[in-house]
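Single-structure report; data block below.
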Amino acid sequence: MLSNVQPKGNSPMTMEPSSSLKIERGEATVHLKVERDHAEILIHTPNEKVNKLTRTAFMELHEHFVFLKAKGHEIKTLLIYSNKPDMFLAGADISEIEAMMSPADALSMVEKAQEVFQELAELPQVTCVAIDGVCFGGGLELALAANYRLASDSPSTKLGLPEVQLGVIPGAGGTQRLPRVVGLVNAIQMITSGAPVDAKKALKLGLVSDVIPVESLLSYARKFLKEKIYLRFPQKESFTQWIVDGTPLKKLIYRQAKITILDKSKGFYPAPLKALEVIEKTYRKMEIRAGLAVEAKAFAELAISPIAKNLINLFYGTEELKKERGVGAMEAADFKPAKLQSLGVIGAGIMGGGIAAVAAQRGVSVRLKDVSNESILKGLQEARQLFDKDFKRKKITKAEYQKRIYRISPTLQWTGFGHLPFVIEAVVEKMEIKKAVIAELEKHLPEYAIIASNTSSLSISEMAKGSQRPGQIVGMHFFNPVPKMPLVEVVRAEKSDPKAIVQTVAFGRQIGKTVIVVKDRPGFLVNRILMPFLIEAGHLQADGYSISQIDKAATTFGMPMGPFRLLDEIGFDTAAKVADVIAGAFPHMKVLPMINDMVAKGYLGRKNNRGFYHYDARGKVLSVRQEFQRDPKDPSDATHQMIQDRLILPMVTEAVMTLEEGVVSTVRDLDLGLIFGIGFPPFRGGLLKWVSDTGEQKILDRLNATHNMTKGRLIVPASFAGRIHSGQKFYN
């Protein structure tokens, strides 16, 4: 218990007569060294890539702060830093939050963390934190408790309070100290979004006092304290901050912030609203300890909620997935994938241009080929639009903007392909064309090159037939729009070499994507499970329910958009092609003729401004098109629930069947695939997590009821009933 920790009999510090401070090695996380009137605390979590604030770390910090307080007449300055590259502190140990089962548990832990940081804030020494790399969550809360903060100019230096992304709020003083440092508006934005800022933005906000070249950060920080350079940085609020924070403008700020939060979260995520509530209750109304008590109580309430547990579970699942190679433990065991410096992209359409842009954004040189100058220009325009956005938002410099532009080398010929280790084929979604492109590619690529087909539903095994090297053929299904959608499905065909899969998975992660490996089945994973959601929407409309009514049922469940709004985004022609492939393999997913009829009449969705909805110039939905409007049918709560069941339960059916078929290897991969691929609501933890949380038997009963309602159209997998009868759950 932190509150019972006392300084050890032997001092936790060692006096050093030399001018340099030696770093201790051992199992301690927090090391204290003192030289004359100056102390330094080094944070170094042993045997970990990242530094974390574990219980042990808090205990050690407490011991050191107690000692420093007692030595205030001798020790005048304190510097806190880390010696891990690109890593100050990743935050608190999330497993501690995961283990909290009651408000009392959560309250006890967070109050102890608050007390340790308050000890830092009340030290008699002048305190400074040198930040290089990640400074998140509890790491930033620790830094905020110090008098001064210096940051390195490294691109990896990021400061933020991402707790709301795990369903909680900053609990170790973040809601109290950040507004005092950066002002109300900036603090609300950082805390309720969880988004980090880089060193340059941190300096502009006043979050750090100065930004220093990474090579000289520590030497400058020591000089900063020794020569009292900190006196040049008086800790005063700006006139603008005083005007905004100290007047009735605050009410408008809080009101507008609440509107913004609700618009983004749709009310499904309570943490951002709770953070705003805590700030409104405490900022400029309470002294620090009273405000900390309000913060701790709010944190404790959220920490034990199902939403927080689901979001933490997703965090762990995502981190685990990043470490996996995509093949069995005994496959390609000695193979180490390369970090690609260059690749080719065939097809400069929306998808090819997007893939080229994302690769160039991550420092990869791209040879972009198509058959016409017009297509090449479209692909380059797609890439330039992404780079323009980053430049206008000041995310990149002019120099970096130019580098990205020049990393994409367009061509109408096969020149430059002879040395490429990896090529992504992104041509039109027709099997015969893709086969022809692969055959031609093999003439120009080195023998070791991997060919990855970007396809949403076509068989990779079929594409590889006739290939001279089928082991090098894999699938790499990007989602549209490529720059925004985080998921990539890597498709393992019948003859795909395990090494090719490992390399493709590694490349997907290299360009910042979440990657799952799927079996070569029609629709793969995501589109296979999504299709019945779209199909049943058509049946519901045919049964007389309105488009608005159906889409609302989906969004109130937590889906990012309803099925008709989604069809507008996908494009009716694209959806029809994928549906035909899937229905050909799975007759129970036969599509109503409506979609093909609409394509024949020229309705393609947003791509030609003829979809189910009207949109303004920014893409905001205005209304359902007049020809599709009708009044809601029986707008009761029971009808609303029935529509949700008819949309969501068919997805459960396909999810169970894909697991049976081995399309993915784990329940975790399935749930992550749907969250990152179609935006299945993260607060529910995933489709099958929702099934377990609701109760497998309850879901089976609702499946049977929906089976009867749809006259047998909705299949109830026998294996699902078998699992329940044997007591199996997707999640325990």
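In what follows, residues are counted from 1 in the order of the sequence shown. Given the structure is predicted, the values throughout are model-derived calculations rather than measurements.
- Nearest heavy atom pair, residue Leu343 against residue Ala359, reads CD2-CB, 3.9 Å.
- Tyr230 contributes no side-chain N or O that, together with a main-chain N or O of Thr127, makes up a donor-acceptor pair within less than 3.5 Å.
- Remark: Lys689 engages Asp693 in a salt bridge (Lys or Arg N to Asp or Glu O under 4.0 Å) (not counting sequence neighbours).
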Would Arg284 and Arg180 satisfy side-chain contact (heavy atoms from CB on, under 4.5 Å), going step by step from the backbone distance to the final call? CA-CA 9 Å; Arg284 291 185 178 269; Arg180 288 169 164 84; over 6 Å; no

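- Here the NZ-CG distance, from Lys84 to Asn51, works out to 4.5 Å after rounding to the nearest 0.5 Å.
- Under the 3.5 Å distance criterion, the side-chain polar atoms of Lys223 are left unmatched by any main-chain donor or acceptor of Ile229.
- Once rounded to the nearest 0.5 Å, the distance linking CD1 of Ile312 with CE of Met100 reads 8.5 Å.
- Phe335 approaches Arg325 most closely through the heavy-atom pair O-NH2, 2.9 Å.
- Every residue two or more places apart in sequence or in another chain was checked for a ring-ring contact (aromatic ring centres under 6.0 Å, His included) with Phe88, and none qualifies.
- Asp390 meets the side-chain contact (heavy atoms from CB on, under 4.5 Å) test with Gln361, Lys395, Ile396, Arg404; sequence neighbours excluded.
- When all heavy atoms of Ala39 and Ile75 are compared, the pair lying nearest together is CB-CG2, 3.9 Å.
- Side chain of Arg149 to backbone of Ala143: a donor-acceptor contact under 3.5 angstrom is found.
- Distance alone, capped at 3.5 Å, places no donor-acceptor pair between the Lys513 side chain and the Gln510 backbone.
- Judged by distance alone, the side chains of Ser108 and Lys112 do bring a donor and an acceptor atom under 3.5 Å apart.
- Between Cys128 and Leu225, the shortest heavy-atom contact is CB-CD2, 3.9 Å.
- For Phe233 and Tyr148, the distance between ring centers is not under 6.0 angstrom.
- Glu35 and Arg222 are not joined by a salt bridge, as no carboxylate oxygen comes within less than 4.0 angstrom of a charged side-chain nitrogen.
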Apply side-chain contact (heavy atoms from CB on, under 4.5 Å) to His64 and Glu119, showing your working. CA-CA 10 Å; His64 298 333; Glu119 289 172 344; over 6 Å; no

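- Between Leu340 and Phe507, the shortest heavy-atom contact is CD1-CD1, 3.5 Å.
- Here the side chain of Ser305 pairs a donor or acceptor atom with the backbone of Ala308 at under 3.5 angstrom.
- For Thr29 and Thr56, the side-chain atoms include no donor-acceptor pair closer than 3.5 Å.
- Looking at Ser154, its side chain never comes within 3.5 Å of a backbone N or O of Asp132 through a donor-acceptor pair.
- In terms of the side-chain contact (heavy atoms from CB on, under 4.5 Å) criterion, residue partners of Pro483 (sequence neighbours excluded) are, by chain and number, Val358, Leu386, Pro481.
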Between Lys339 and Gln341, does the side-chain contact (heavy atoms from CB on, under 4.5 Å) criterion hold? Intermediate values first, please. CA-CA 7 Å; Lys339 183 176 181 180; Gln341 303 298 321; 4.3 Å; yes

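- In this structure, the side chain of Glu60 engages the main chain of Val30 through a donor-acceptor pair within 3.5 Å.
- Using modelled atom types, one side-chain atom of Tyr269 and one backbone atom of Phe683 make a donor-acceptor pair closer than 3.5 Å.
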Walk me through it: do Leu321 and Phe676 pass the test side-chain contact (heavy atoms from CB on, under 4.5 Å)? CA-CA 13 Å; Leu321 186 63; Phe676 290 113; over 6 Å; no

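- Residue Lys499 places its NZ atom among 12 or fewer non-hydrogen atoms of other residues, nucleotides or ligands, all under 6.0 Å distant.
- The pair Arg407-Glu400 counts as a salt bridge, with a side-chain nitrogen and a carboxylate oxygen less than 4.0 angstrom apart.
- Under the side chain to side chain donor-acceptor pair (under 3.5 Å) rule, Thr77 has a single partner from His38, Lys228, Gln125, Lys226, which is His38.
- The backbone N or O of Thr54 sits nowhere less than 3.5 Å from a side-chain atom of Glu96 that would complete a donor-acceptor pair.
- The heavy-atom pair separating Glu141 from Phe117 by the smallest distance is CB-CE1, 3.8 Å.
- The backbone N or O of Ala500 sits less than 3.5 Å from a side-chain atom of Thr504, completing a donor-acceptor pair.
- By the salt bridge (Lys or Arg N to Asp or Glu O under 4.0 Å) test, Lys323 is found to be paired with no residue, residues two or more places apart in sequence or in another chain being considered.
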Using residues 288-300 as the side-chain source, report each donor-acceptor pair under 3.5 Å to any protein atom, sequence neighbours left out, with the distance given to one decimal.
{"unit_1": "Arg289", "atom_1": "NH1", "unit_2": "Glu115", "atom_2": "OE1", "d": "3.0"}
{"unit_1": "Arg289", "atom_1": "NH2", "unit_2": "Glu122", "atom_2": "OE2", "d": "3.3"}
{"unit_1": "Glu295", "atom_1": "OE1", "unit_2": "Gln114", "atom_2": "NE2", "d": "3.0"}
{"unit_1": "Glu295", "atom_1": "OE1", "unit_2": "Ala172", "atom_2": "N", "d": "3.4"}
{"unit_1": "Glu295", "atom_1": "OE1", "unit_2": "Gly173", "atom_2": "N", "d": "2.6"}
{"unit_1": "Glu295", "atom_1": "OE2", "unit_2": "Gly174", "atom_2": "N", "d": "3.3"}
{"unit_1": "Glu295", "atom_1": "OE2", "unit_2": "Thr175", "atom_2": "N", "d": "2.9"}
{"unit_1": "Glu295", "atom_1": "OE2", "unit_2": "Thr175", "atom_2": "OG1", "d": "2.6"}
{"unit_1": "Lys297", "atom_1": "NZ", "unit_2": "Glu301", "atom_2": "OE2", "d": "3.1"}

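- Classification of the Phe387-Tyr401 ring pair by plane angle, with boundaries at 30° and 60°, yields perpendicular.
- Here CG of Asp210 is found 9.5 Å from CZ of Arg232. Values are rounded to the nearest 0.5 Å.
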